[in-house]
Amino acid sequence: MKVGLAGGIGSGKSYVARRLAARGITVYDCDAAAKRLMRSSAELQQQLTALIGPDTYQEGRLNKAAVSRFLLASEENKLAINAIVHPAVFADFLGSGLEWMESAIMYESGADRYVDRVVVVTAPEEVRLQRIMERDHITRQQAQEWIDRQWPQEEVRRRADFEIVNDGKADIDKQLNNILERL
């Protein structure tokens, strides 16, 4: 069985993935895979440079600032990048032999088509904002922009099969145990 671990930026998906790893379950990280593939795949590098422009890579390294500017400039830009990166990530996941996949944009990206069940990690928006600002050293406004670029948490929760509340108070391990038993 393939299981998706979903949740918006700052919800704590990576923390839950680490709790799964402590149980011997390796979770495929779509974000990390996308970054790795954008660094290592000549085909992706060519496609992204053609889309974004010559400053996409500087001295062979991905120019994150250029990519972020392009990505945040419009919905069309975001969709164009996703159309290049997502298929490569999904193919990599399917070839990984792993059963769990972590994705902040499970439904937006179509990653849910590659899993049998989805577990969503949720957290109050204020908690998410604080986590993003601390982790990425960005302003509240920038953190809010990242949240706003993703589907509303309530919509993801509605579509998912299971929910883990990661508000800093709820017992994550107990919730995980219940879900793993049901799976």
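The analysis underlying the following values was restricted to heavy atoms, covering all of them including side chains, and did not include hydrogens, waters or symmetry mates. Everything numeric in this text was worked out from a predicted model, so none of it was measured.
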Handout entry: Between CD1 on residue Ile147 and CD1 on residue Ile9, distance to nearest 0.5 Å
Key = 7.0 Å
Practice task
Decide yes or no for Gln47 and Leu51: does some side-chain heavy atom of the first lie under 4.5 Å from some side-chain heavy atom of the second?
Solution key: no
Problem - Evaluation steps, side-chain hydrogen bond (donor to acceptor under 3.5 Å, both in side chains), between Asn177 and Arg23 - result: CA-CA 10 Å; Asn177 289 340; Arg23 291 170 167 74; 2.7 Å; yes
Problem - Beyond-backbone contact of Val89 with Arg36, side-chain heavy atoms, under 4.5 angstrom - result: no
Problem - Backbone of Thr122 reached by a side-chain donor or acceptor of Asn166 within 3.5 Å - result: no
Problem - Residues Gln46 and Thr49: side-chain donor-acceptor under 3.5 angstrom - result: no
Exercise for the section: Could you tell me whether Glu126 and Arg131 have a side-chain N and a carboxylate O separated by less than 4.0 Å? Expected result: no
Exercise for the section: Answer yes if the side chains of Glu125 and Gln153 hold a donor-acceptor pair under 3.5 Å, and no otherwise. Expected result: no
Problem - Results of salt bridge (Lys or Arg N to Asp or Glu O under 4.0 Å) for Glu76 - residues two or more places apart only - result: none
Problem - Heavy-atom check, side chain of Glu102 versus side chain of Cys30, under 4.5 Å - result: no
Exercise for the section: Could you tell me whether the side chain of Leu5 reaches within less than 4.5 Å of the side chain of Met101, counting heavy atoms only? Expected result: no
Exercise for the section: Please determine if Arg149 and Glu145 form a salt bridge, counting it only when a charged side-chain N lies under 4.0 Å from a carboxylate O. Expected result: no
Problem - Heavy-atom side-chain contact between Ile25 and Leu180 under 4.5 Å - result: yes
Handout entry: CG-OG1 distance between Leu44 and Thr56, expressed to the nearest 0.5 angstrom
Key = 12.0 Å
Exercise for the section: Using a 4.5 Å cut-off on heavy atoms from C-beta on, say whether the side chain of Val27 contacts that of Leu98. Expected result: no
Handout entry: Carboxylate-amine/guanidinium contact Arg128 Asp167, below 4.0 Å
Key = no
Problem - Contact check, side chains of Trp100 and Tyr28, non-hydrogen atoms, under 4.5 Å - result: no
Exercise for the section: Compare every heavy atom of Gln45 with every heavy atom of Arg39, then report the nearest pair and how far apart it is. Expected result: O-NE2, 2.5 Å
Exercise for the section: Report yes or no: is the cationic atom of Lys2 (NZ for Lys, CZ for Arg) closer than 6.0 Å to the six-membered ring centre of Phe93, at no more than 45° off its axis? Expected result: yes
Exercise for the section: Answer yes or no: is there a side-chain heavy-atom contact under 4.5 Å between Val119 and Asp161? Expected result: no
Handout entry: Nearest atoms (heavy-atom pairs only) where Ala6 meets Met106
Key = CB-CB, 3.6 Å
